[in-house]
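Chain A is the first sequence line, chain B the second, and so forth, proteins listed ahead of strands; every chain is numbered from 1.
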Amino acid sequence: MDTNFSAEDLAFRDEVVAFLETAWTDEHEAHLRDPQAGMQAIIDWQKRLHARGWLAPGWPVEYGGTDWTTTQSFIFETERATAGAPDVPPFALKMVAPVIYTYGSDEQKQRFLPRILSSEDWWCQGYSEPGAGSDLASLKTKAELDGDEYVVNGAKIWTTYAQYADWIFCLVRTDSSGRKQAGITFLLIDMKSPGITVNPIETIDGVYSLNEVLFDNVRVPVENRIGEQDQGWTYAKALLAHERTAIAGVADSRRHLGEIRELARQEVSGGRALLEDPAFQARLSSVEIELMALEYTELRVLAAMAEGSGPGVESSLLKIKGTEVQQSVQQLRIDVAGYYCGVIAGESGDIGHSFGSEARRAYMYGRASTIYGGSNEVQKNITAKFVLGL
Amino acid sequence: MDTNFSAEDLAFRDEVVAFLETAWTDEHEAHLRDPQAGMQAIIDWQKRLHARGWLAPGWPVEYGGTDWTTTQSFIFETERATAGAPDVPPFALKMVAPVIYTYGSDEQKQRFLPRILSSEDWWCQGYSEPGAGSDLASLKTKAELDGDEYVVNGAKIWTTYAQYADWIFCLVRTDSSGRKQAGITFLLIDMKSPGITVNPIETIDGVYSLNEVLFDNVRVPVENRIGEQDQGWTYAKALLAHERTAIAGVADSRRHLGEIRELARQEVSGGRALLEDPAFQARLSSVEIELMALEYTELRVLAAMAEGSGPGVESSLLKIKGTEVQQSVQQLRIDVAGYYCGVIAGESGDIGHSFGSEARRAYMYGRASTIYGGSNEVQKNITAKFVLGL
Amino acid sequence: MNFKLSEEQAMLKESIARFVQDRYDFTARCAAATSEIGFSRENWATFAELGWLSIPFEEEHGGFGGSAVDTMVVMEELGSGLVVEPFVATVLLFGGLLGKGGSAEQKAANISAIIAGELQGAFAFLERQSRYELADIKTVAAGNGSGFTINGEKTVVFNGAAADKLIVSARTSGAQCEQQGISLFLLDASAAGIEKTAYRLMDGQLVANITFNDVAVSADQLVGELDDGYRLITDVINEVIVAISAEAVGIMQKLNDTTVEYTKTREQFAVPIGSFQALQHRMVDMFMGCEQTRSLLYRAVCSMDDQSADAREIEKNILALKVMVGRIGKLIGGESIQLHGAMGVTDELDVGHYFKRLMMINTSFGDADYQQQKFSALTNSG
Amino acid sequence: MNFKLSEEQAMLKESIARFVQDRYDFTARCAAATSEIGFSRENWATFAELGWLSIPFEEEHGGFGGSAVDTMVVMEELGSGLVVEPFVATVLLFGGLLGKGGSAEQKAANISAIIAGELQGAFAFLERQSRYELADIKTVAAGNGSGFTINGEKTVVFNGAAADKLIVSARTSGAQCEQQGISLFLLDASAAGIEKTAYRLMDGQLVANITFNDVAVSADQLVGELDDGYRLITDVINEVIVAISAEAVGIMQKLNDTTVEYTKTREQFAVPIGSFQALQHRMVDMFMGCEQTRSLLYRAVCSMDDQSADAREIEKNILALKVMVGRIGKLIGGESIQLHGAMGVTDELDVGHYFKRLMMINTSFGDADYQQQKFSALTNSG
């Protein structure tokens, strides 16, 4: 048992740090704070990663992956977050791509994977439906085969970045006769298809990212189906555990905690730095300790994956604790901001602590993290059943 | 809306304080720390209360009650706890007596109530059974009518003070054909009856108070039955809410919190009183604030009862929060004691902080409070169903 | 001992509830909040008409002479309706300072105007660095013989954008953070040298940063005693803390009711999610939290209205209340969002808006951690 | 990166597990704990025989030269079996001080005896007033030319009743609470002037208060440098903290397993109580708590065994671990009792006994609140 870095690992870390120093710039960082310019910054960032061959570390090497060891992945993630660079949006790279290279046809692989790597195609995820929520399998969007096309009708909801997407990967119902997990088909749908309407959803963070996507007789060529008809649940399910692993966000939480410590060092309360306030210290420490633990919990899961076992049901633990820690961090930032956590920064510019408005946005956005990707309640059900055998 | 004391209330308070000054002595207090001598102290205390006419404030005046207003009851409880005097054991005075004076025959009232007031009869409660737990109605102890006697067979468990008891009030099954709440009969059983065996249960606090009570063909005259055969559940249920109200123990928790504050003022850590330690202060304050709230929650329930409405389902809230606060107080005392919380004071006398061993005993004894009287989980079920309508 | 409302209070409560029911649905509320001044003048006129604005003022100034319980009744209902109109800023803060510390002339000139709904006021007390320390004041009012010249900047002034008049706290002596040496001045918001920058808070309030550049005031604009404003500020703010706590209890009750109702109708896995025991127990925790907070609210108002109550006991009750309002507000707000699932994060539902108001109430006049340390200091000192 | 045990470690683990399985059921454990010396000499001889007592000592002193991971493996299994034999007191504390700070003669005279199971030791460091402050020492060792004379009283000396030899911390200079001026002395427990009062702790340990009345020691009984004992104490105690944390993880795992199993068989309302969702979610919290604590345990031992690790990082890891051991210990211990219902409060079940050991582990060498403040001080200082 050890977590020592080998000489190769240390060399790799230097490589990563050197790359990040030039690839992730202050300009990117500044753009990121603006939801509109932010998207451009992310696309540029993806292109730089791709140029370096590091955009899709988890993919098989033949399709453009890196073949990193678990330790290298860990190093990259840590340094990436430390530098303040964002994780790339997961929908194309971590969600649909693995389905395509695992269950897709050769033609589908050749058609879609390169365009994901080049950032030409932007993807969104069509799983959730109005009314379905955590009970994903109860979905109702229907696809009927008509010649060599499926005709899709229904609605998807909570679709992040649908407004930017070229493609949506969807679970649709092709058979309602059996149990609800059967009869689901996995389709790749061109967002430019006639009959698709994207309606924005206003959210409590005030930033536009979620949408409702309506399908009105949308025709999808049968060659855009992944694998077999009615087997889509199997393909999707295999990926859900990976999604939960990725969701923990340990390295990002660590960086945010460091920022909060600095903010609290500058913030003064009654002539004394807030960081010296014992109540604040206690809360900061509690979160940091939980995070230190989570970091090793993640390493343990990664190490097990490296040994060939899937992330398995322990991924639920990462999802629950990861999002709990994220929310604790967001709460701390809000509390440091005091009155200014309420500020909605508009055209007026600097009207208080500059971080107040951002703290509010991150906090409100973060409310969703315990709900999406299978709510934390559902994760607890999964853990009770499959880990504890209850 | 007000909680002002009237001039009469203030005069009553003076009366109570004056009574307590002479009635509850340092000698009682000292005896209380010793489980054996403690029982004698409690009997003596009951007799003094009885002599003053204050032993059974909740009873109707005709049977020996006091006819106090809600405010007076509150004043008495507060001053009683402040003086360090214990609440009297509830089994006779607060549990069986209300059943007797509400549902019993005139003969039963005349026979049992005076002997309870005079402390001649000591009672214990025979509700729980091995295996039944919070699912009280699933009890199996059987009573069969044979002439003018019931023949009782079965086992009761977790019976507090059965070793001292002259009588036990029992729920027994007289009919198994219908739903489990039907077919239960309420019997008063003489503990000297042949066929009764009392087995002590060792508990984690190391003090002997719980027992298993076995019934082997115990014959109980039919005149010792309360009300109708098979209707016992109704009689018992009406009392459970009262039990939960009594269980909150606000005044006692307040006194204990005061003691802990003094202990923490004396206990030194790194040259500074533990009471000055911010982490300790925060925990102490959190408990005190919760208790301040609970005190008014109890007043609100009492005021509603004074208006003629029963304690109702809000009594579950008092039970849950009351026991949570008690356990928080016990935890604080343990933590103040530090290493000495582990001490089992034996013949060796003073081997550390004198309060360590007591803190341990109170803590361990207190573990049961969230389990008995209907576990807190069951109380939450009750609240969800009857208060929230879920 | 008695926890019932008087007939008059019950009518007052009913009158506000009816207003909310009939004229203040969520759409109307959002329209008021997003308007240029951050509230509806029409609604304000209605408040005046119905007499609500007179509640806390003494009868001799045309007020109702209400008790702490009366104010509680109003605030709880305003909370339940998520009312954004500046009752706290104009009536309780600005009006409260005048009522408690104003000169006879100041009262005569302003209180009846407030009651009539014709005067909007604000209290400018926060500064960029002050956080929750009311005595941390850098704004200076320098004596110049006949009067004072004020220089400094105030931030997050509640109702600061719409206010016709301001009371501002400034240092007339003493060092930054010293309690002694703080004075209050009443002035027109349009006085020379005053500049405002308006912006919104997440709970819909329109607030302002206000700078004072050589603003001249005369001695008769002083509110209360020279150098002795701190006590007046804390007296009024203590009352306001209890008032917004009552508002918070109204919000908590509303969020709990809404959430319980939602879980009864929302189905997942073919059953209402309210049938899941884990969620039931969490909603019981929310219920208990609300009831416990309500108990502390009653405790605080009863002690404030009790002439024989000890000042220290009252302070302790207020601190305890504010701590629990902050803590339980986080619990209930967070759980309400979570139990509403993805719907909870949409702006379309009012749940998120109630939640944001609870967050701002926690922050206002000191959050739970801050107040708990004051509580500890008070209770452990002898 | 690798979290697997080596083959040797897996065998060691298996060997302890087998001992517990075959020869250390709950009855045997209670018999050992309640015996006159507080443990079984026969078991101790078995430990020696199986080589467990040699694990942490250097090879040159006849030890196994084990790593922090090796000690962890032992302690986790001892925790799982609720083993009461004084491995911590004799091997890790007493033996650890000698191994790290003893003179060549002291090592030669004692370590092989410990390994052979022939010597019981104890470290007398706590005093009545010291609470968790290791430097708060009033016991004095006054120089008298040739040696020292020790006067003072130590309390709660683990294994103090059975120990053949003691190491005692005493002040050779400096004021009470000063880190400088503390020295350690090795002496026979039967030396003139030593008096013991033995008593039991709730976790079954037999401990002692020990008074030193003009106890004479020579200069060669000094362990480590004169006046510089504090560093040695904290070095050894840090290792012991990690060791008892591993014990705690063993206990947590055992309690979780026991509780889950119990809820699968215990029926209420005609179904196993483990089918109630509210209880399931609480058991998931217990599971997550145990896993998170285990992660901090791995983090601490990996950093201790890493030659290149930063001393500050190691200290931070140990503090974090001890905080979580205390907090999660309370959670898991309390929930285990609660979910066992009334059975949980009986002495007949082992659940209460595991719980009590968790409580004593929390208290030992500083509880969660205490360690968290040290953690804060360390992490916030630049």
Side-chain angles (χ1 to χ4, degrees), chain A residues 1-6 9-10 69-75 257 261 264-265 273 275-276 278 280-286 288-304 306-307 314 316-318 320-321 324-325 376-377 379-385 387-390, chain D residues 1-6 9 67-69 72-73 256-257 260-261 263-264 272 274-277 279-289 291-303 305-309 316-317 319-321 323-324 327-328 369 372-373 375-380:
Chain A
M1 179 177 296
D2 69 78
T3 49
N4 301 348
F5 287 150
S6 65
D9 292 334
L10 293 172
T69 63
T70 310
T71 307
Q72 285 177 311
S73 299
F74 171 73
I75 288 171
L257 213 51
R261 176 170 280 121
R265 208 186 291 283
L275 188 59
E276 287 169 40
F280 184 79
Q281 285 188 349
R283 291 180 50 204
L284 187 68
S285 296
S286 292
E288 180 157 9
I289 289 169
E290 200 69 53
L291 181 61
M292 287 169 69
L294 187 63
E295 190 171 336
Y296 264 62
T297 301
E298 189 179 33
L299 286 182
R300 289 166 57 202
V301 171
L302 292 176
E307 292 292 315
E314 289 76 11
S316 289
L317 165 76
L318 288 182
I320 297 169
K321 276 287 163 193
E324 281 178 2
V325 167
N376 285 18
E377 290 77 16
Q379 302 304 332
K380 287 194 179 181
N381 291 344
I382 291 173
T383 306
K385 185 166 178 187
V387 181
L388 305 183
L390 288 165
Chain D
M1 193 170 55
N2 149 33
F3 291 102
K4 287 185 305 189
L5 298 183
S6 69
Q9 287 160 349
S67 64
V69 175
M72 175 189 85
V73 168
N256 281 359
D257 292 348
V260 166
E261 277 317 303
T263 65
K264 284 180 189 171
S275 67
F276 293 123
Q277 193 193 36
L279 304 194
Q280 289 183 351
H281 282 203
R282 283 160 64 177
M283 285 187 274
V284 169
D285 287 338
M286 293 162 74
F287 160 74
M288 294 195 301
E291 291 303 320
Q292 286 282 82
T293 311
R294 183 183 292 284
S295 290
L296 283 182
L297 175 63
Y298 290 179
R299 185 177 185 120
V301 293
C302 286
S303 68
D305 283 344
D306 178 359
Q307 301 307 320
S308 68
K316 190 174 146 184
N317 290 341
L319 290 167
L321 172 61
V323 173
M324 197 174 271
R327 299 268 160 82
I328 301 298
D369 284 356
Q372 181 163 336
Q373 291 187 60
F375 180 91
S376 292
L378 185 71
T379 50
N380 293 334

Thinking salt bridges, do A/E290 and D/R327 make one under a 4.0 Å N-O criterion?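 The answer is no: the pair does not qualify as a salt bridge.
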Is a salt bridge present between D/K4 and A/E307, judged by a nitrogen-to-oxygen distance below 4.0 Å?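 Looking at A/E307 together with D/K4, the answer is yes, because their closest N to O distance falls below 4.0 Å.
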Pick one of side chain, backbone, both or neither for [X], based on which atoms fall under 4.5 Å of a heavy atom in chain A.
{"X": "D/E261", "result": "neither"}
{"X": "D/F287", "result": "side chain"}
{"X": "D/D257", "result": "neither"}
{"X": "D/V323", "result": "side chain"}

Under 3.5 Å, is there a donor-acceptor pair linking the side chains of D/Q280 and A/N381?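 No, no side-chain donor-acceptor contact under 3.5 Å.
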If you count heavy-atom pairs under 4.5 Å between each of D/D285, D/T263, D/L279 and chain A, which one has the most?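 Option with the top pair count is D/D285.
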Could you check which of D/E291, D/Q373, D/H281, D/M288 has the highest count of heavy-atom pairs closer than 4.5 Å to chain A?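 Most heavy-atom pairs within the cutoff with chain A belong to D/H281.
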A/M292 vs D/R299 side-chain heavy atoms within contact, under 4.5 Å: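 Counting from C-beta outward, A/M292 and D/R299 do come under 4.5 Å.
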Please examine the side chains of A/M1 and D/D305, heavy atoms only from C-beta on, and report whether any two atoms are closer than 4.5 Å.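 They are not in contact (no side-chain heavy atoms under 4.5 Å apart), so the answer is no.
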Distance (rounded to the nearest 0.5 Å) between [X] [atom1] and [Y] [atom2]:
{"X": "D/F375", "Y": "A/Q281", "atom1": "CZ", "atom2": "CD", "value": "11.0 Å"}
{"X": "D/S376", "Y": "A/E276", "atom1": "OG", "atom2": "CD", "value": "12.0 Å"}
{"X": "A/I289", "Y": "D/T293", "atom1": "CD1", "atom2": "OG1", "value": "11.0 Å"}
{"X": "A/L299", "Y": "D/Y298", "atom1": "CG", "atom2": "OH", "value": "12.5 Å"}
{"X": "A/Y296", "Y": "D/N317", "atom1": "OH", "atom2": "CG", "value": "7.0 Å"}

Could you check D/M283 against A/L390 for side chain to side chain contact (heavy atoms under 4.5 Å, CB included), going step by step and ending with a plain yes or no? CA-CA 10 Å; D/M283 285 187 274; A/L390 288 165; 3.6 Å; yes
Are any side-chain N or O atoms of D/Q372 and backbone N or O atoms of A/A282, one a donor and one an acceptor, separated by less than 3.5 Å?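 Side chain of D/Q372 to backbone of A/A282: a pair is present.
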